[in-house]
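Here's the structure, in structure tokens; my notes come after.
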Amino acid sequence: MKRTLILTSAGLIGVAAMMLAGAGAPSFAQVFKNHDSNAPVNFTADRIEVQDRADRVLVSGNVEVTQAGMTLNAARMTVAYRNPPGKASAGDGMGGVEIDRIDASGNVVVRKADQTARGNVAIYDLNAKLITMLGNVTLTQGANRLTGGRLVMDLNSGRSTVDGRSTGSGVPGTATSPSGRVSGTFTVPQRSN
């Protein structure tokens, strides 16, 4: 049975902003700049467990998170939140919850418009406005493709950085790219001679 959890938080102001940035023919990750992170965040999954004393929500089984045109899919997610004093009675419909971080693991896919990022794990730091993906990372836009071990998307600037190593340690599930280097393919417009 699928369950749906809707979380809206002022702390979400940046989760997807990194994935939308520009008009016309945007470059990699530019589509994430200026993402409306004030929009509601919708979770669907096979199982949602609220661990209120630990200030976290565990979401598992075909997890899908959507927000203002951005979609995040993964096998599992942990949502870290807090209940700041005075927020619970603010009457703003937020219920006092501010999300600080979303950790996703298991075939993580982030999509918005024509851009897709894939990796083994992803960490959304809502306060720093960064999405970091680790392990077998690919970033695609149309026929353009970058691969590496780690992808860092800055939601403030819309800038994405890919490197060949995912971590300095041998953390399981965060393998580097096969060559330990970044590789890419970019389409070139046809020019007349």
Side-chain angles (χ1 to χ4, degrees), residues 12-35 37 58-60 62-80 99-191:
L12 290 174
I13 296 177
V15 168
M18 185 163 65
M19 304 182 130
L20 175 62
S27 62
F28 274 127
Q30 291 297 303
V31 76
F32 292 105
K33 186 176 177 184
N34 298 324
H35 175 78
S37 58
L58 304 179
V59 190
S60 61
N62 302 306
V63 181
E64 181 174 90
V65 173
T66 59
Q67 182 188 44
M70 183 185 78
T71 302
L72 167 66
N73 296 96
R76 295 165 298 285
M77 286 188 213
T78 301
V79 180
I99 297 174
D100 291 321
R101 178 173 160 150
I102 300 173
D103 295 347
S105 61
N107 300 314
V108 180
V109 179
V110 179
R111 286 188 186 93
K112 184 153 188 174
D114 67 340
Q115 294 187 13
T116 303
R118 297 176 185 275
N120 295 346
V121 297
I123 301 162
Y124 289 97
D125 184 331
L126 300 170
N127 298 317
K129 299 180 182 178
L130 294 173
I131 297 175
T132 303
M133 298 185 80
L134 302 171
N136 301 311
V137 171
T138 62
L139 179 61
T140 58
Q141 178 187 39
N144 299 320
R145 180 182 175 107
L146 288 173
T147 61
R150 179 175 67 170
L151 166 65
V152 179
M153 296 185 289
D154 183 325
L155 295 176
N156 287 316
S157 66
R159 173 185 238 167
S160 289
T161 305
V162 177
D163 63 42
R165 284 190 355 201
S166 60
T167 64
S169 63
V171 177
T174 58
T176 61
S177 64
S179 66
R181 297 171 51 91
V182 176
S183 62
T185 302
F186 298 94
T187 57
V188 177
Q190 298 300 310
R191 298 174 180 91

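Sequential numbering from 1 along the given sequence is applied to the chain's residues.
Residues Leu139 and Ser160 are in side-chain contact: their nearest non-hydrogen atoms beyond the backbone lie under 4.5 Å apart. Residues Thr147 and Arg145 form a side-chain contact, since some pair of their non-hydrogen atoms from C-beta on lies under 4.5 Å apart. Ile99 has its side chain out of reach of Arg101: every pair of non-hydrogen atoms, C-beta onward, lies at least 4.5 Å apart. Counting heavy atoms from C-beta on, the side chains of Thr116 and Val109 come closer than 4.5 Å. Side-chain contact between Met133 and Val108: present, with at least one pair of heavy atoms (C-beta onward) separated by less than 4.5 Å. Side chains of Asp103 and Met77 form no contact here, defined as non-hydrogen atoms less than 4.5 Å apart. Here the side chains of Val152 and Leu130 are in contact, with some heavy-atom distance below 4.5 Å.
Judged as a side-chain hydrogen bond (donor to acceptor under 3.5 Å, both in side chains), and not counting sequence neighbours, the contacts of Ser105 are Arg76. Listed by chain and number, the residues in a side-chain hydrogen bond (donor to acceptor under 3.5 Å, both in side chains) with Arg118 amount to none (sequence neighbours excluded).
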| field | Residue pair Val110, Tyr124: steps toward the side chain to side chain contact (heavy atoms under 4.5 Å, CB included) verdict | value | CA-CA 11 Å; Val110 179; Tyr124 289 97; 3.1 Å; yes

*Residues Arg150, Asp163; criterion salt bridge (Lys or Arg N to Asp or Glu O under 4.0 Å); working and verdict*: CA-CA 5 Å; Arg150 179 175 67 170; Asp163 63 42; 2.6 Å; yes

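Scanning both residues, Gly164 and Val182, for their nearest heavy atoms gives N-CG2, 3.5 Å. Summarising the geometry of Leu146 relative to Phe186, their closest heavy-atom pair is CD2-CZ, 3.5 Å, with the distance given to 0.1 Å. Here the closest non-hydrogen pair linking Ala143 and Thr187 is CB-CG2, 3.3 Å. Shortest non-hydrogen contact noted between Leu134 and Thr132 is CD2-CG2, 4.1 Å.
In this structure, CG on Leu151 lies 8.0 Å from OG1 on Thr161, to the nearest 0.5 angstrom. A distance of 10.5 Å separates OG1 of Thr78 from CD1 of Ile102, quoted to the nearest 0.5 Å. Between the CG atom of Asn136 and the CG atom of Asn107 there is a distance of 10.0 Å, given to the nearest 0.5 Å.
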